[in-house]
Amino acid sequence: MTETSFYKPTRGFTVGEIAALTGAEPRSGCSLDHRIVNVAPLDSAGPNDLAFLDNVKYSSQLSATRAGACLMTARFEKQAPTRLNVLRSREPYRAFVTVTRELFPEALRPSSLFDAKAVASGAWIHPSARLEIGVVVDPGAVIGPRAEIGAGTVIGPNAVIGPQVRIGRDCSIGAASSILNALIGDRVIVHPGCRLGQDGFGFVMGPAHVKVPQIGRVIIQDDVEIGAGTTIDRGAIRDTVIGEGTKIDNLVQVGHNTAIGRHCIIVAQTGISGSVTLEDYVVLGARSGVRDHVRVGEGAQIAGTSVAMADVPAGAQWGGSPAKPIKQWQREIFALKRLAARGKSIKDLGQDDDDDQRG
């Protein structure tokens, strides 16, 4: 119970090396040879830890920090104690992440949970499946007929890869995930418990609901990451597509026939109905929703807990339920607050008059 992390740094860096790696500028008097082997928050960092500061809310922690070095913007430098190795950066957090990625590369992509180096005993692989050299399969995984998996990919324990599924190189498929009717590109991360390629929710409603055959696929392009417990339905008559570089958080639902563009961000518990189109660089906040057949334009952002019921223009910021331009939504909220406050004061005034009459 003495270990502070499950990940060990691959190497350490001197303060000077961190400055070179990130482009940060050392404060005059910095000990450039001081060695950093870990990262930590400003308030708990020790002499060999790197911290960062980019929010005035935490600037009070500077005077007491024991960090070996700290990345910060120039505005905080005068508050930093002289003993602290200060590295000035326009984007301290981005620089901090750059160093963390170099220190802990194993944390970027899940590896075998069984420490397997190839196909572990207890995995079930159909004789017609094709695995390139370097594929790792944990115990309990099932790989179906004619499936194809690229080199460097890790299949977690109890994962199910269906017939004819194709998975590219250097992917990670999390424990107990199921992938059916899907084509997956390179460097894709699917976290544990995901469900990809199952039936979309399609019925012709009537006295007895008639199931609509779902004959499309799921297409996951390169460098996509899919959070734990997320479900992505296969298409009904066209493919469900997740574009290159898109990042999907935990517990997201993506309906059938939906097309999600490149480099989108979809935050936890979002629900996307069928036949939705998200253009490139769209951001959906936590617990937001998008109605079926809605198009969200390139670069648009939907605030958390909001529901897009109509098409959203490119670059727009919308919020509310139903979602609308964010400034309009904010005006309505403020107006409602004023109306509520006014109603309360009128009610209080009426109560005072009643008291006077009773007196």
[X] and [Y]: which non-hydrogen atoms are nearest, and at how many Å?
| X | Y | result |
| --- | --- | --- |
| Val190 | Ser177 | CG1-OG, 4.1 Å |
| Thr14 | Arg35 | CG2-NH1, 3.8 Å |
| Trp318 | Pro313 | CZ2-CD, 3.5 Å |
| Ala141 | Gly156 | CB-O, 3.6 Å |
| Ala151 | Ile133 | CB-O, 3.1 Å |
| Gly227 | Cys194 | O-SG, 3.0 Å |

Just verifying a value: how many Å separate [X] [atom1] and [Y] [atom2], rounded to the nearest 0.5 Å?
| X | Y | atom1 | atom2 | answer |
| --- | --- | --- | --- | --- |
| Glu17 | Ile36 | CD | CD1 | 11.0 Å |
| Leu108 | Arg101 | CG | CZ | 4.5 Å |
| Ile220 | Glu244 | CD1 | CD | 13.0 Å |
| Cys171 | Asp186 | SG | CG | 6.0 Å |
| Thr258 | Arg238 | OG1 | CZ | 10.5 Å |
| Ile167 | Thr153 | CD1 | OG1 | 6.5 Å |

Closer than 3.5 angstrom, by distance alone: can the side chain of [X] be matched with the main-chain N or O of [Y] as a donor-acceptor pair?
| X | Y | value |
| --- | --- | --- |
| Arg88 | Glu77 | no |
| His34 | Pro47 | yes |
| Asn250 | Ala268 | no |
| Arg66 | Gly46 | no |
| Ser172 | His191 | no |
| Thr230 | Asp249 | yes |
| Gln214 | Val212 | yes |
| Ser63 | Gln79 | no |
| Asn257 | Ala236 | yes |
| Ser128 | Arg146 | yes |

Does [X], at its [atom1] atom, have more than 12 non-hydrogen atoms belonging to other residues, nucleotides or ligands within less than 6.0 Å?
| X | atom1 | result |
| --- | --- | --- |
| Arg109 | CZ | yes |
| Ile237 | CD1 | no |
| Glu106 | CD | no |
| Arg27 | CZ | yes |
| Phe76 | CZ | yes |
| Phe104 | CZ | yes |
| Arg287 | CZ | no |

Geometric cation-pi criterion Arg338 and Phe334, 6.0 Å radius, 45° cone: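 Output no; distance or angle outside limits.
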
Under the side-chain contact (heavy atoms from CB on, under 4.5 Å) rule, what do Lys211 and Asp199 come out as? Steps first, then yes or no, please. CA-CA 10 Å; Lys211 185 178 180 66; Asp199 282 14; 2.7 Å; yes

Kindly work out whether a path of hydrophobic side-chain contacts (I/L/V/M/F/W/Y, heavy atoms less than 4.5 Å apart) joins [X] to [Y].
| X | Y | value |
| --- | --- | --- |
| Leu196 | Leu180 | no |
| Val252 | Val188 | yes |
| Phe13 | Phe52 | yes |
| Val86 | Leu42 | yes |
| Val137 | Val154 | no |

If you define the side chain from C-beta out and look only at heavy atoms, does anything of [X] sit under 4.5 Å from [Y]?
| X | Y | answer |
| --- | --- | --- |
| Pro26 | Leu32 | yes |
| Asp280 | His263 | no |
| Ile125 | Val119 | yes |
| Thr270 | Ile302 | no |
| Val254 | Ile266 | no |
| Ile173 | Ile179 | yes |

Go through the side-chain N and O atoms of Asn85 and Ser31 and say whether any donor and acceptor fall under 3.5 Å apart.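 Short answer, no.
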
Under a plain distance cut-off of 3.5 Å, with no hydrogens placed, do Ser306 and Ser288 share a side-chain donor-acceptor pair?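 Distance-only check fails for Ser288 and Ser306.
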
After noting the C-alpha distance and the side-chain angles of Val267 and Ile265, does the key distance pass the side-chain contact (heavy atoms from CB on, under 4.5 Å) rule? CA-CA 6 Å; Val267 188; Ile265 296 290; 4.1 Å; yes

Answer yes or no: is there an ion pair linking Asp311 with Arg295, defined by an N-O contact shorter than 4.0 Å?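 A salt bridge is absent here (no side-chain N lies under 4.0 Å from a carboxylate O).
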
Between Leu71 and Leu50, is the side-chain contact (heavy atoms from CB on, under 4.5 Å) condition met? List the steps. CA-CA 8 Å; Leu71 291 152; Leu50 174 69; 3.9 Å; yes

Stepwise side-chain contact (heavy atoms from CB on, under 4.5 Å) check, Gln61 with Leu53: CA-CA 9 Å; Gln61 298 175 2; Leu53 175 62; over 6 Å; no

Look at the aromatic rings of Tyr93 and Phe96 and report parallel, tilted or perpendicular, splitting at 30° and 60°.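 Parallel, since the angle between the ring planes stays under 30°.
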
Of Gln198, His256, Arg195, which meets side chain to side chain donor-acceptor pair (under 3.5 Å) against Asp233?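 Result: among Gln198, His256, Arg195, Gln198 is the only option passing the side chain to side chain donor-acceptor pair (under 3.5 Å) with Asp233.
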
Criterion salt bridge (Lys or Arg N to Asp or Glu O under 4.0 Å) on Asp223 and Arg187, from CA distance to verdict: CA-CA 5 Å; Asp223 299 303; Arg187 300 175 302 280; 2.7 Å; yes

